[in-house]
Amino acid sequence: MPSRPKVQQDAGSGSKKTMAKHIFVTGGVVSSLGKGLTSASVGMLLERRGLRIRLQKFDPYINVDPGTMSPYQHGEVYVLDDGAETDLDLGHYERFTNSLLNRDSNTTTGKIYLSVIQKEREGSYYDGNTVQVIPHVTDEIKDMVYRLATDDVDVVITEIGGTIGDIESLPFLEAIRQFALEVGRENCLYIHLTLVPYLKAAGELKTKPTQHSVGQMRQIGIQPDILICRTEHPIPQHEKDKIALFCNVEKKAVIEERDKEFTIYEVPLSLVNNGLDDLIVKRLGLKAGPLDIADWRALVDRVKQPKHEVTIAVVGKYIKHRDAYKSVYESLDHAGISHRARVLVRRVESEDISSQGAEALLGGVDGILIPGGFGMRGIEGKIEAIRYARKQNIPFFGICLGMQCAVIEFARDEIGLVDANSTEFDQDTQHPVISLMADQHEVNERGGTMRLGLWPCQLQEGSLAHKAYGKLDIQERHRHRYEVNNDYRERLIQAGLTPTGVSPDGTLVEIVECKDHPWFLAVQFHPEFLSKPTKSHPLFRDFIGASLARRQSKRAEHV
Ligand code: GLN
C-alpha cells in the first residue's frame, strides 16, 4: 500500500485531512493554452509570498513516461536529477520555482495502471474485489496527491494535462473531485484555464467557449473557483462579469491572461496585476507574507531593453516542432539576459545543410549549437555544420548527440578516419569512435533504461569548462546510451580534441574542447536542464559571451 503521509482520519466526519492546501489546474476550450506556464507562475507567486510549495503534473496518456515518445508528440523530454524522464512543463516548474521535483512529480495514466495491475497480479491487495476505475484507479491517483503533501509543504499544485472533454482525462478529474470530499472543499482550489477568442468578423471577444468548458467541468462535479482567461485583447469588465455570471464564479475570480509581446516571464507579473495571488491566499486561508518579486521585475526589464543582439543557429532534426528543444531555447534566452543581449535563434533543419550547404544556411551567424537527438536522420548535415563552425572559428556548443557528432567530425577530418561513426548509425563502421556504453549491451527494454539523471564530472584545470563553472567538480543531468570510445581517446587528444571533463573514475568522456579555436566545447550531458532565467547556466552564458565577442570583432573589421 503506498504510504499516505500527513493523512489523518478526522474523527467524526470521516473525512481525511492533510495539513497542506491543494490547487488543481485544469484547461478547457483548446490545448496549448500554457497551463504549464500558468501553474509554474502560480507556484512562483505563492513561493514569493513565503509559502512552501510542490508542483506536479498529471498526464492522461498511456505511456508510463514520455521517455519513449518522439519529440514530435509532446515536445522535449525533460530529465530530473533522479533520472525521471518527464513532461516539459516540469521545466517551467524548475525555472520558475524552487519546488522539489522527482519521479513522483509527473504521473501518467500508464504509470497509474501499471501500479494498479501490479497490485492486482500480486493477488491479495484488492482482496478478491473487482478492480475498477472507481475507486481503485481514482484512489491511486489521489495517492499521488497525498504523497506530495508532506509536513514541509504548504500548498500542493497539481496540473492536469489535456483538455476538458477528453475521454482520457476523466479518471483524473473524478479523482480531484473526490479529493475535495476527503480533505474538505475549503482546502481545495480549482483553477480553470480557458480561451476567450477574438472574432475579427464580429469585432468581438467570445465568452461562449469558456461557458461551455466550465459547463463540462460542472457536469463532472467540479465548480471552478477561479477562471484564468487567455486572450489576445483586453477583456472589458462587462464581459468578465458575464463570464462570472454564466460560470458561477465571483467577478474578481475572472482573471485575464493576455498574450505577452516580449517574454513569457511577464506571465507571473500580469497575474499579480490581476490580483491572482491575493485571491488564492484569501480563498485558501493561507498565512502568506508580502510578495517579494523585485528581482523578477528587474529581469523582465532587462529582457525588454537589451543592449546587444546575437544570432545563434540551432541545427537539429526536430526543428519544426517549437517545443522539441524547449529547454535549449530557454537556456539561450537566460544566457542572453545575463549579457543584456537579445538572442535571435536561426532554426536550421540539419538535412537541409546536406542539400544546400553549410554556408547557405549558416553564413552570418555568431554561434552554432547542436542539441541532443536520436537516430540517423540529419546526422551528416550536423557534421557539416560542425566542420563549418570549426574551420570558420565560429563559437560552437554541442550537446549530447551534438558532442558525439563533433567527435565523429574531428575523427574523420583531423585523424583521417573517413568512415568514423557512432554504432548508433552504422553498426559495421571500421572506426566506432562513439559506441554503446558497457552497461547498455544487455539492455533490451527502451523505457527508462538510458544513463539518466545527475552524474558527477571532473574538469581539467584551465579549460573553457573550468573557466565557465569556476570549479573543478560539477554534476549534470544525462540522457544517453552511447559514449566516446576510449580506444580512440589518445588519438583524439593528439589531434587536438581534448577531453576536459570526465567521470570521476576517468572512464567516460563528458566534455570535449577543441584547441586552436576561440570557443569550441561539446558536452555529453544536458546543461539546458539546469539553467534558470535568474541564473544562466555557465556554459550557455560563456557560449553566448563568445558569440557576442565574435560579432563585435566582425563589426570592428567592417568599420
Ligand atoms: N542518441 C545518443 C545516445 O543515445 C544521444 C542522446 C541524446 O542526445 N540525448 O547516446
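Order of appearance sets the numbers: ligands from 1, and atoms from 1 within every ligand.
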### Task
Name all pairs fulfilling the ring pair (Phe, Tyr, Trp, His ring centres under 6.0 Å) condition that reach into residues 532-551, sequence neighbours left out, sorted by first residue then second.
Phe397-Phe540, Phe397-Phe543, Tyr469-His537, Trp519-Phe543

Output, or 'none' if empty, a list of ligand 1-protein atom pairs in which both atoms are N or O and the distance is under 3.5 Å, rounded to 0.1 Å.
from: ligand 1; atom 1: 1 (N); to: Gly373; atom 2: O; distance (Å): 3.0
from: ligand 1; atom 1: 1 (N); to: Glu424; atom 2: OE1; distance (Å): 2.8
from: ligand 1; atom 1: 1 (N); to: Glu424; atom 2: OE2; distance (Å): 3.1
from: ligand 1; atom 1: 4 (O); to: Arg481; atom 2: N; distance (Å): 3.0
from: ligand 1; atom 1: 8 (O); to: Gly373; atom 2: N; distance (Å): 2.8
from: ligand 1; atom 1: 8 (O); to: Gly373; atom 2: O; distance (Å): 3.3
from: ligand 1; atom 1: 8 (O); to: Leu401; atom 2: N; distance (Å): 3.0
from: ligand 1; atom 1: 9 (N); to: Arg479; atom 2: O; distance (Å): 2.9
from: ligand 1; atom 1: 9 (N); to: His526; atom 2: NE2; distance (Å): 3.2
from: ligand 1; atom 1: 10 (O); to: Gln404; atom 2: NE2; distance (Å): 3.1
from: ligand 1; atom 1: 10 (O); to: Arg481; atom 2: N; distance (Å): 3.1
from: ligand 1; atom 1: 10 (O); to: Tyr482; atom 2: N; distance (Å): 2.9

#### Entry: Test of ring centre spacing under 6.0 Å for Tyr61 and His74
yes

### Task
Would you please name every residue forming a ring-ring contact (aromatic ring centres under 6.0 Å, His included) with Tyr72, sequence neighbours left out?
Tyr318

### Query
Is NZ or CZ of Arg481 both nearer than 6.0 Å to the six-membered ring centre of Phe374 and within 45° of the ring axis?
no

### Query
Between Arg54 and Asp152, is the closest basic N to carboxylate O distance under 4.0 Å?
yes

Identify all side-chain donor-acceptor contacts of residues 455-464 below 3.5 Å with residues at least two apart in sequence or on another chain.
from: Trp455; atom 1: NE1; to: Leu452; atom 2: O; distance (Å): 3.1
from: Ser463; atom 1: OG; to: Gln460; atom 2: O; distance (Å): 2.6
from: Ser463; atom 1: OG; to: His466; atom 2: N; distance (Å): 3.1

